[in-house]
There are 2 protein chains.
Amino acid sequence: MVNQQKDTEQKIMNAAKDVFQQKGMTGARMQEIADKAGINKALLHYYYRTKEKLFEKVFEMAFSIFIPKMQEIMLSEKPVFEKIEFFIENYMNLLTKHPYIPGFVINELNRNPQILVNIFEKNVQIKENKLFEKFDNQVQAEVQMGIIKPIDTKNLMTNIIGLIVFPIVARPIIQGIMFENDKKQYDAFLKQRKDFVIDFIINSIKA
Amino acid sequence: MVNQQKDTEQKIMNAAKDVFQQKGMTGARMQEIADKAGINKALLHYYYRTKEKLFEKVFEMAFSIFIPKMQEIMLSEKPVFEKIEFFIENYMNLLTKHPYIPGFVINELNRNPQILVNIFEKNVQIKENKLFEKFDNQVQAEVQMGIIKPIDTKNLMTNIIGLIVFPIVARPIIQGIMFENDKKQYDAFLKQRKDFVIDFIINSIKA
DNA sequence: TTTAAATTTGACCAATTGGTTAAACCAAAT
DNA sequence: ATTTGGTTTAACCAATTGGTCAAATTTAAA
């Protein structure tokens with residue numbers, strides 16, 4: 001039955017996502033993924049022939065979660081300030097739902113930067129629509145118009161994403177040192193940061 | 001001979017640092033470390049009984065590289081603006097020399113947050129001198145004096161460290177997307193960011 | 001109901017892995 | 001020269017790991 005098939009495939013993907021994102025490619029065990037999916041290990045290899053192939057699927061899905069919203073916001077007709085506000089708001093919410101993904105992606109890309117090239121080759125549209133260039137043009141246009149202080153867009157983007165992502169990937173160390181490992185306190189910290197980061201960025205660039 | 005001993009131990013540590021920091025605890029192989037150190041694998045276990053123990057040593061050394069400078073700057077008598085400037089300048093330079101460490105530390109702490117607790121237990125002085133509290137007091141004092149805009153020190157610290165560290169740990173993805181994977185261009189980007197981040201932070205908090 | 005294809009499983013395998021051991025080696029003290 | 005202690009090695013081991021395979025089971029079509 002097709003439903004059974006889809007179900008098994010889904011159970012595998014969910015289990016694989018959990019295990020790979022928590023333990024990384026080298027730390028993940030096929031047996032653990034099979035157990036978590038409630039199936040035989042041989043069935044894992046029946047659906048995804050190798051660990052490598054299963055990992056690639058998981059990585060692609062993790063990576064692609066953050067693409068559509070980015071495109072939607074960046075390609076909209078809003079002015080820069082609004083785009084930045086939407087971007088920060090949306091991505092911080094997205095990260096609350098998927099806190100393991102950024103660390104997972106960053107770590108695996110450090111292990112093997114080639115993965116990114118493969119993803120771009122498979123999924124041309126991501127690279128092709130040149131999101132960054134478009135945003136850069138808009139920023140520099142608003143700089144000319146005197147709305148924004150002169151700023152390099154690459155530095156600006158790095159700042160925005162860094163301020164969003166860093167507290168998530170470095171959570172264990174920040175929570176440990178500055179919050180005495182208090183989980184609830186850190187969750188509250190992350191929550192208040194949404195408005196804080198927006199104000200921080202906007203204030204820093206408005207003319 | 002004691003010299004030989006120290007030499008072997010040093011060769012092991014150097015090799016272990018390379019392999020662990022590049023491949024992580026789970027990806028590292030004792031055989032590769034032995035090969036890189038130019039010794040027999042059994043000798044590895046003769047000096048450091050288990051992979052776990054060797055890893056702990058490497059992690060501790062990596063972690064401790066970033067402590068002394070932080071203490072020196074934070075405990076000095078400089079005003080906040082100068083401290084921040086020194087901090088950013090020094091840590092960006094330090095990261096240029098040890099670019100693998102932040103990703104390594106972040107990744108291993110996500111895998112096993114307990115490591116941090118163990119380090120604090122072993123090295124009480126790090127936790128005990130309450131660096132953060134002292135800096136917090138100084139910041140809030142300067143806020144009262146009207147030198148700095150009102151700001152939460154935890155957010156400020158997170159911003160500072162995030163802006164420094166993020167471009168290093170996320171290098172593969174930023175370099176890939178914004179710099180067409182051009183290594184030299186990205187090195188130049190990192191270099192110009194030293195002054196950029198200092199100005200960015202100072203401007204954002206000066207009253 | 002029969003049949004053929006797809007799905008699932010238990011048993012198994014070869015390679016890799018962290019770790020051990022007994023013997024060899026080597027420098028320094030006697 | 002011999003002994004003694006730490007150092008280094010080759011050979012080995014048990015456990016783990018990703019992966020395979022033939023048989024069993026389930027599913028859907030004829």
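A, B, ... follow the sequence lines: proteins, then strands. Residue 1 opens every chain. Note that this is a predicted model, so its numbers are computed, not measured. What's counted below: heavy atoms across the whole structure, side chains too, no hydrogens, waters or symmetry copies.
Proximity of a side-chain donor or acceptor of B/K83 to a complementary backbone N or O of B/S76 within less than 3.5 Å is detected.
Here C/dT16 presents its P atom at 14 Å from CD of B/E32, a figure rounded to the nearest Å. Between the OH atom of A/Y47 and the P atom of D/dT20 there is a distance of 17 Å, rounded to whole Å. The CD1-P distance, from A/I12 to C/dT7, rounds to 11 Å in whole Å.
Between the two ends of the helix from C/dT1-D/dA30 to C/dT30-D/dA1, each summarised by a five-pair axis, the helix axis turns through 10° (rounded to 10 degrees).
Taking only side-chain nitrogens and oxygens, B/T8 never comes nearer than 4.0 Å to OP1 or OP2 of D/dT7.
For B/K69, the salt bridge (charged side-chain N to carboxylate O under 4.0 Å, His left out) partners at least two apart in sequence or on another chain are B/E72. Applying the ring-ring contact (aromatic ring centres under 6.0 Å, His included) criterion to A/Y48, with sequence neighbours excluded, gives no partner residue. In this structure A/E60 satisfies the salt bridge (charged side-chain N to carboxylate O under 4.0 Å, His left out) test together with A/K122, sequence neighbours excluded. With sequence neighbours left out, the ring-ring contact (aromatic ring centres under 6.0 Å, His included) criterion links A/F20 to A/F55. Under the side-chain contact (heavy atoms from CB on, under 4.5 Å) criterion, B/F81 pairs with B/I147, B/I148, B/I202, B/I205, B/K206, sequence neighbours left out. For B/K57, there are no salt bridge (charged side-chain N to carboxylate O under 4.0 Å, His left out) partners, not counting sequence neighbours. Partners of A/D35 according to the side-chain contact (heavy atoms from CB on, under 4.5 Å) rule, which considers only residues two or more places apart in sequence or in another chain, are A/Q31.
The environment of B/F66 atom CZ is dense: over 12 non-hydrogen atoms of other residues, nucleotides or ligands sit within 6.0 angstrom.
A heavy atom lying under 4.0 Å from DNA chain D marks the following residues of residues 18-31 of chain A, by number: A/A28, A/R29, A/M30. Less than 4.0 Å separates DNA chain C from at least one heavy atom of each of the following residues of residues 49-56 of chain B: B/T50, B/K51. Interface residues of residues 35-46 of chain A facing DNA chain D, ordered by number: A/K41, A/A42, A/H45; criterion, heavy-atom separation under 4.0 Å.
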Note to self: Pair A/V19, A/K36 - check side chain to side chain contact (heavy atoms under 4.5 Å, CB included), show working.
What the structure shows: CA-CA 9 Å; A/V19 176; A/K36 207 162 245 180; 4.1 Å; yes
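Comment: A/E108 engages A/R111 in a salt bridge, judged by a side-chain N to carboxylate O separation of less than 4.0 angstrom.
Contacts classified as salt bridge (charged side-chain N to carboxylate O under 4.0 Å, His left out) and involving residues 150-171 of chain A (residues at least two apart or in different chains) are given here: A/R171-A/D187.
Taking the centre and axis of the six-membered ring of A/F86, the NZ or CZ atom of A/K78 falls inside the cone set by 45° and 6.0 Å.
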